[in-house]
K.L.:
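Handing you this structure, nothing more for now.
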Amino acid sequence: MPVLETLASVAEIATAFVAVLASLYYWNDLREKRKRLEEYLHAEKLNNPTKSQHTTLYLMANLGLTEDEILRASFKSSRIRRLIHVNETTNLADDILFEWLA
């Protein structure tokens, strides 16, 4: 019985350790994606200030991030502004534009 109790304790500690590592990886991945989006939008604003708003599709193609990753990164960042693009023929919102604030 003492061997099983010891193995159970080791398993508990290993589970907690793996959970901490997984959460660190997850949060670091989110931070890297936010940083990549911020750096890209900032560089775009510096290089071409007249065309600094970009659609989700444009960012997906250039950054290699999914739509969900771009939205999550933009909501976590205080440096990115989200704007609504309105279709001129239907007067309905059809896309989200992202822009660097500064």
K.L.:
Give, for atom CG of Leu57 and atom CG of Asn62, the distance between the pair rounded to the nearest 0.5 Å.
P.N.:
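Answer for the CG-CG pair, Leu57 versus Asn62, is 9.5 Å.
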K.L.:
Would you check if Leu63 and Leu37 make a side-chain contact, meaning some heavy-atom pair closer than 4.5 Å?
P.N.:
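Side-chain contact under 4.5 Å: yes.
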K.L.:
Which distance, rounded to the nearest 0.5 Å, do you find between the CG of Leu101 and the OG of Ser78?
P.N.:
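If I round to the nearest 0.5 Å, the distance is 8.0 Å.
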K.L.:
Quick one: do Ile96 and Tyr58 end up in the same hydrophobic cluster if we chain Ile, Leu, Val, Met, Phe, Trp and Tyr together by side-chain heavy atoms under 4.5 Å apart?
P.N.:
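Per the 4.5 Å side-chain linkage, Ile96 and Tyr58 are co-clustered.
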K.L.:
For Ala43, is there any backbone N or O sitting under 3.5 Å from a side-chain donor or acceptor partner on Asn47?
P.N.:
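Judged by distance alone, yes, a pair lies under 3.5 Å.
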K.L.:
For Arg36, is there an ion pair with Glu32 - N to carboxylate O distance below 4.0 angstrom?
P.N.:
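Salt bridge: no.
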K.L.:
Using atom types as modelled and distance alone, determine if a side-chain donor or acceptor of Ser23 lies under 3.5 Å from a backbone N or O of Val20.
P.N.:
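Indeed, once roles are kept as given, a pair shorter than 3.5 Å links the two residues.
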K.L.:
Please identify each residue that fulfils side chain to side chain contact (heavy atoms under 4.5 Å, CB included) with Phe75, with sequence neighbours left out.
P.N.:
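Once residues adjacent in sequence are excluded, the partners of Phe75 under the side chain to side chain contact (heavy atoms under 4.5 Å, CB included) criterion are Leu71, Arg82.
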K.L.:
What's the spacing between Ile84 CD1 and Leu97 CG if we round to 0.5 Å?
P.N.:
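Rounded to the nearest 0.5 Å, the CD1-CG separation comes to 9.5 Å.
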K.L.:
Can Thr56 and Glu67 be said to form a side chain to side chain donor-acceptor pair (under 3.5 Å), step by step?
P.N.:
CA-CA 6 Å; Thr56 309; Glu67 183 177 11; 4.8 Å; no
K.L.:
Can you confirm whether more than 12 heavy atoms, excluding those of Leu24, are under 6.0 Å from its CG atom?
P.N.:
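Above 12, so yes.
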K.L.:
Calculate, to the nearest 0.5 Å, the distance between atoms OH and CD1 belonging to Tyr40 and Ile80 respectively.
P.N.:
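Reported value, rounded in 0.5 Å steps: 12.5 Å.
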K.L.:
What pairs of residues pass the side chain to side chain donor-acceptor pair (under 3.5 Å) test when at least one of them lies in residues 91-102, not counting sequence neighbours?
P.N.:
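Every pair satisfying side chain to side chain donor-acceptor pair (under 3.5 Å) with a residue in residues 91-102: Ser52-Glu99, Arg81-Glu99, His85-Asp94.
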K.L.:
Atom NE2 of His54 and atom NZ of Lys45: how far apart are they, to the nearest 0.5 Å?
P.N.:
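The NZ atom of Lys45 is 10.0 Å from NE2 of His54, to the nearest 0.5 Å.
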K.L.:
Residues in side-chain hydrogen bond (donor to acceptor under 3.5 Å, both in side chains) with Arg72, at least two apart?
P.N.:
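Checked Arg72 against side-chain hydrogen bond (donor to acceptor under 3.5 Å, both in side chains); matches are Asp68.
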K.L.:
With no hydrogens and no angle check, do the side chains of Asn48 and Glu44 hold a donor and an acceptor under 3.5 Å apart?
P.N.:
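Side chains of Asn48 and Glu44: no pair found under 3.5 Å.
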K.L.:
Is the backbone of Ala73 close enough, under 3.5 Å, to the side chain of Ser77 for a donor and an acceptor to pair up by distance?
P.N.:
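Looks like no, no N/O pair under 3.5 Å.
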K.L.:
Can you tell me how far CD1 of Ile70 sits from NZ of Lys33, rounded to the nearest 0.5 angstrom?
P.N.:
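The distance works out to 10.5 Å.
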